[in-house]
2 protein chains.
Amino acid sequence: MKGIHQLAKHLDISIGTVSRALNDKPDVNPETRKRVLEAAEKFGYVANQSGRSLRKGTTNVVGLMVESSPESIENSDNFFSGLTGGMQAVLTQHNLDLVMLPCPTEEDPLEYLKRMVARRLVDAMIISATQRVDPRIDLLIKAKIPFVALGRSTSGGSHRWIDLDFEGVANSAVDRLVAHGHRRIAVTAPCGDVNLGHIFIEAYTSALARNGLSFDPALVIRAPSTESGGYQAASALLTIEPRPTAVILIYEMMAIGLYQRLAQAGILPGKDIAVIGFRESPRAKYLQPALTCYRLSLNDLGKELAETLLALMPNQIDAYQDHARNRIWPLELAPGESDSFRVES
Amino acid sequence: MKGIHQLAKHLDISIGTVSRALNDKPDVNPETRKRVLEAAEKFGYVANQSGRSLRKGTTNVVGLMVESSPESIENSDNFFSGLTGGMQAVLTQHNLDLVMLPCPTEEDPLEYLKRMVARRLVDAMIISATQRVDPRIDLLIKAKIPFVALGRSTSGGSHRWIDLDFEGVANSAVDRLVAHGHRRIAVTAPCGDVNLGHIFIEAYTSALARNGLSFDPALVIRAPSTESGGYQAASALLTIEPRPTAVILIYEMMAIGLYQRLAQAGILPGKDIAVIGFRESPRAKYLQPALTCYRLSLNDLGKELAETLLALMPNQIDAYQDHARNRIWPLELAPGESDSFRVES
C-alpha cells in the first residue's frame, strides 16, 4: 500500500491536490479527481478511505431504507427502482453514492435501523414506509443522522419529510365520481399502521363531506396492498349491500387482482362499476379497460428527495437551502376508461 | 461518547464480553449481544465501529450489485427482491448485513464498482448481470474481495459463480416443442453482451442438433429483455417467412408484450403458435392462456448465493466448505397452455 506522498509523486500532482481529491473537496478538476481516485485504487491507497471515514465521520454514502416483505416481492413494484435513478443523478454530483438497505421481512424495522446506525454505513438516510407513530424518526434525530422521511408521521417533532399528495388524489377521485352521479363510493385501505392509510381515509372522508355525503365505515375495505389484496378487496366489495357503484384503490397493483375477481363475477370496470387507481405504473397500462389513475415522475421525486436530504448535510446546506422544506408531492390525473360508468339519478 | 470501560460498567458485564459482543464473536449469548449493542448505540459508542472496521478491515456488510436501467425500472421484476430475503436469512446468522448497490443507468459498471471498492463499504459482494467478458471480475480478484458472480463469464480464470440452468431450460423447451411436431422454433436473445444470451443460444443450437434440426440464424430474434421488447419480438416474428410455429422467450416479462402484439394480429398462443417462457414470475400467472415456463425458488437461490459467498469469507470458510463450489441452478417445468399448439406432420 502506498501513502499519499508516493501517490502524489506518481501522479506528478501536489500532495494538497491529491488530498483534496481524495477528500471530495469541490475545488478539484473532475478529470484530476478521477486520475487520483484511479491511481489510489490501483496502488491500494483505498484502505485509507476507512481511516478518512473515521477521522471525518463521513462515508460519502447515503442509504435508502426499504422494507422487503412477501407482498413487496410479489408486487415487484417499480416505485423504489424508479426513485434511485433520480436520487443518484443528484448525489453523484457531490461524490455521494446511494445504497439500498432492505429491511428483512422478519425483522423489526427499528431494530434493523439501530444496527445500520451502529454500523456507521451511511452519512444520511431516506426512510420509507413511514408509520403514523414511527420510532425510527426519534432514533435518527437522536443519532444526529440527517434524514428525510418519505411519508408523514406524527413522530419526531420537527423533521424533514416528503409525501405524496394523498389529499389531492382523494379530492380529485371523489369529485370525479360524484360528478358522475356516484353516492356509494368504496375505498381500500392498508391493514397496517402505515400513515398513508390514515391520511388517505381522512382525505376521502373530507372530500365526501364537501360533496354532502356522509362517511360509511362499511365502505372502507381493508386489504393487503398487493395484487391478491385487490382480488380480496373485490370479493369484499361484492358482499356489501347495497353494492357500491364505485371504488377508489389506494395502491395501483390492486387493480390487477380486482379486475380479475370482478370479471369472474361478470362485472366490467367502466361499464358496471367505476374504478379509480392510485399511481400510474408501467403495469397498469396493460389493464383493459385502461385504469383511471394519477401520474407522477419517480425520477423527479427521487431528485427532490436527494436535494432535500442535501439541504440537511453539513457540506451542502448552503447550496440546497431552497430545498430546506417539507413537501407534498403532486400527482396528475391520467384519465382512463375504468371510471366511465355513470349512475343515473 | 463513552468508552468500552464505561459501557461494561453500565451493563455490569465484563469488558471482554462487551468487546466480544461488539466484535461479533460467536461465543456471546444473543440476548447479551443485543443488550450490548443497544447500550452502545444509546451511549454513542457506535462511532467506534468505524475504528473497528479500520483495524480489522471488515465492515460486516455484504453488497449485492444490481444494474438499474430504464428497462429494469419498466420491468419491475421481482428477481432481486426475491433473492434478498434468502440471502439475509443466511447472512444475519453471522451478524452480516446486506446492502444493495444499484449501479446508475449512465455509469459504466466497472467504474461504479471501482468506486465501491475504494469506499470499502462491503467485505464481500455478489455481482449480477455478468457479461461474457466482465472486467469487474478481474477487479474484485485483484482487490482480494470475496465475491460470487451470478452468471458465468469467461473472465477472471478461477472464481466462484452460480448460474441458472439455461442449458436445461433450452433442452427441455426444444424437446417439448419437437415432440409436438415443431420444426421452426424461434428464440429471443438479448441485445447486449450479457453472457446468458450466449449460453442460451448455444444450448438452443445444441438441442436442435440433438433433434436433427439445423440452426437458422433468421430464427434468433434480438430484442430488449422487457415487456415492450416482447412486443417488438412478436412484430419481428410475424415478418419471418415461413412463420415459426413456436417461440422460446429468454425473459418471462417479454411474454406480456408478445401476447399483446400477437393478439393484435389475431394469433392466440397455445392455439395458433406455441410459446414457452423462461422463469415463472408472479406476473406471468395473469396471462391467458397460462404461460408454460420454468420455476425456481428465488429464496433458495438467495440462500445458496449467501452460503457460497460465506465459503469464501475468512471467518466462515470452515462452516461452509460444502458450498465451496460453482453451481448450475436447476429450474423445474411449470406447464401451462401456451405451448398446447401442435404441428401435424
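The chains referred to below are lettered A, B, ... by the order of the sequence lines, with proteins before strands, and numbering in each begins at 1. All heavy atoms count here, side chains included; hydrogens, waters and symmetry mates do not.
Only the side chain of Val61(A) comes within contact range of chain B, with at least one heavy atom under 4.5 Å from a heavy atom of that chain. For chain B, no part of Met87(A) is nearby; none of its heavy atoms comes within less than 4.5 Å.
Comparing Val99(B), Asn299(B), Asp97(B) by heavy-atom pairs within less than 4.5 Å of chain A, the highest count is held by Asp97(B). Counting heavy-atom pairs closer than 4.5 Å to chain A, the top-ranked of the candidates Leu121(B), Leu101(B), Val66(B) is Leu121(B).
Put simply, OG1 on Thr84(A) and CE on Met100(B) are 9.5 Å apart, with the number rounded to the nearest 0.5 Å. Atoms CZ and OG1, from Arg115(A) and Thr92(B) in turn, are 7.5 Å apart once rounded to the nearest 0.5 Å. Here CD of Gln88(A) is found 7.5 Å from CD of Glu106(B). Values are rounded to the nearest 0.5 Å.
Side-chain contact between Arg119(A) and Thr59(B): absent, with no pair of heavy atoms (C-beta onward) separated by less than 4.5 Å. Side-chain atoms of Lys34(B) and Lys114(A), non-hydrogen and from C-beta on, never get closer than 4.5 Å to each other.
Scanning all heavy atoms of the two residues, the minimum distance from Tyr112(A) to Leu98(B) falls at OH-O, 4.2 Å.
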